[in-house]
Amino acid sequence: MPELPEVEVVRAGLAPAVTGATILGADVLDSRALTRHVGDPASFEAAVTGRRVISAARRGKFLWLPLVEGRVDGRVDGRADDGGAGGAGEEEAIVAHLGMSGQLLLRSPGAAAERHERIRLHIAHPDHGELAVVFADQRTFGSLAVDRLVATGDGAPGGRGTDAAATPSQVAHIARDPLDPAFSDTGFRARLARTSSAIKRVLLDQTVVSGIGNIYADESLWAARIHPETAADSLSTRAVNRLLDEVRIVLERALAEGGTSFDAQYVNVNGQAGYFAHSLRAYGRTGEPCLRCGRPIVRVSFTNRSSHYCAHCQRRPR
DNA sequence: GGAATAACCTGGATGC
DNA sequence: TGCATCCAGGTTATTC
């Protein structure tokens, strides 16, 4: 399930291959992969063909490739082109969300179709030559779209991988993630103080803090010794700070290990799985001993999801 | 307006 | 062996 570390691994793998590349064409094999795109497959293909990618950016679980006009031979036509990352030339981007099972893969030109392949971008890079960027998605919760860029509200860069203070419009409502230098700890604490919702629900709310999904919410709460159903506004400042620290530690560790892979649902751009599944301490360990106290990890149903925690270390609030 | 819930989707696992 | 059901969960529309 691609969460922040998995999406960041994909972004980092994609960036050197797509930055500066020109899109030669696109094949939309399944229009369901365009649920966030305004227009039909033909309009998507027309919107990306002939344009140049200037970076690979990410906020939370959203990934985008800012576009400028540009041809294979480097000649620029039509709209403004600032010739580099960031600046006034950025008006649109290909925005991607991997959903539950989406993958962005780099393949050689003419490579056989991937299982569940939905969209293929044909690109030409000045150094790497021609490549294919394949969007494959088993459960079709993910999507690509061409979207306009809008200025960030705080004037800071839109996300990791870009210096431009802009995000796609459909990402504008997504909060910054805890690894973003512009993330406001103060704002996060204030937001928690205003809601009595369960802390896990708040962690999963991408408008409060982005990039955290079910796996890393369980892992962070276990590490911070906080019960997932604790009311957010009942947490002390000290507890919130501890939680933020643990969220960052968990995300950084997962990132260093290449993300969490279950049944090859998530892979990097080369099709390789991450290793963090071996380091999980709560998620998916139902019945196994807690690594702190030895008591069994329990699993409960929580808002159509599963929550995994230690009932001894993470005491249920009164 | 904020909070909670259902729906979307596919394929592997499980039970009969 | 084959069929039916359950489960996984990110986002968003709908309902309360």
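A note on names: the letters A, B, ... follow the listed sequences, proteins ahead of strands, and every chain is numbered from 1.
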- Query: Which residues satisfy the side-chain contact (heavy atoms from CB on, under 4.5 Å) test with A:His122, sequence neighbours excluded?
  - Reply: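 Listed in chain order: A:Leu24, A:Asp27, A:Arg120.
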
- Item | Partners passing side-chain contact (heavy atoms from CB on, under 4.5 Å) against A:Ser169 (at least two apart in sequence or in another chain) |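 Residues passing side-chain contact (heavy atoms from CB on, under 4.5 Å) with A:Ser169: A:Asp147, A:Arg148, A:Val150.
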
- Task: List in chain and number order the residues that pass salt bridge (charged side-chain N to carboxylate O under 4.0 Å, His left out) with A:Asp177, two or more places apart in sequence or in another chain; answer none if no residue qualifies.
- Result: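 Partners of A:Asp177 by the salt bridge (charged side-chain N to carboxylate O under 4.0 Å, His left out) criterion, ordered by chain and then number, come out as A:Arg58.
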
d([atom1], [X]; [atom2], [N]) in whole Å:
X: A:Gln103; N: C:dG10; atom1: CD; atom2: C1'; result: 16 Å
X: A:Asp205; N: B:dA3; atom1: CG; atom2: P; result: 9 Å
X: A:Leu4; N: C:dG10; atom1: CG; atom2: P; result: 13 Å
X: A:His37; N: C:dT11; atom1: NE2; atom2: P; result: 20 Å
X: A:His308; N: C:dA8; atom1: NE2; atom2: P; result: 7 Å
X: A:Ile174; N: C:dT11; atom1: CD1; atom2: P; result: 6 Å
X: A:Lys61; N: C:dT12; atom1: NZ; atom2: P; result: 11 Å

- Message: Taking 4.0 Å as the cut-off, does a side-chain nitrogen or oxygen of A:Gln206 come that near to OP1 or OP2 on C:dT11?
- Response: yes

- Item | Those residues that, when tested against A:His227, pass ring-ring contact (aromatic ring centres under 6.0 Å, His included) (two or more places apart) |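 Counting only residues at least two positions away or on another chain, A:His227 forms a ring-ring contact (aromatic ring centres under 6.0 Å, His included) with A:Tyr309.
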
- Using ring-ring contact (aromatic ring centres under 6.0 Å, His included) as the criterion, list what pairs up with A:His128, not counting sequence neighbours. A:His125

- Message: Regarding A:Ser306, tell me which of base, sugar-phosphate or nothing describes its non-hydrogen contacts under 4.0 Å with the strands shown.
- Response: sugar-phosphate

- Query: Taking for each residue the nucleotide of DNA chain B with the nearest heavy atom, is it A:Thr195 or A:Arg115 whose nucleotide lies nearer the 5' end?
  - Reply: A:Thr195

- Message: Other members of the hydrophobic cluster containing A:Leu204, with the 4.5 Å side-chain heavy-atom rule, please.
- Response: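 Cluster partners of A:Leu204: none, it stands alone.
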
- Message: Over the length of the helix from B:dG2-C:dC16 to B:dC16-C:dG2, how much do the five-pair end axes diverge, rounded to 10 degrees?
- Response: 50°

- Note on the structure: In B/S/- notation (B base, S sugar-phosphate only, - none; protein heavy atoms under 4.0 Å), nucleotides 4-10 of chain B written 5' to 3' is SBB-BBB

- Can you see which heavy atom on A:Arg248 is nearest to which on A:Asp185, and at what distance? NH2-OD1, 2.8 Å

Distance-only donor-acceptor pairs under 3.5 Å for side chains of residues 234-241 of chain A, two or more places apart:
{"from": "A:Ser234", "atom 1": "OG", "to": "A:Ala231", "atom 2": "O", "distance (Å)": "2.7"}
{"from": "A:Ser236", "atom 1": "OG", "to": "A:Ala239", "atom 2": "N", "distance (Å)": "3.0"}
{"from": "A:Asn241", "atom 1": "OD1", "to": "A:Arg189", "atom 2": "NH1", "distance (Å)": "2.7"}
{"from": "A:Asn241", "atom 1": "ND2", "to": "A:Thr237", "atom 2": "O", "distance (Å)": "3.3"}

- Query: Parallel, tilted or perpendicular for A:Phe188 and A:Phe183, by the 30°/60° rule?
  - Reply: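 Answer is tilted, since the angle falls between 30° and 60°.
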
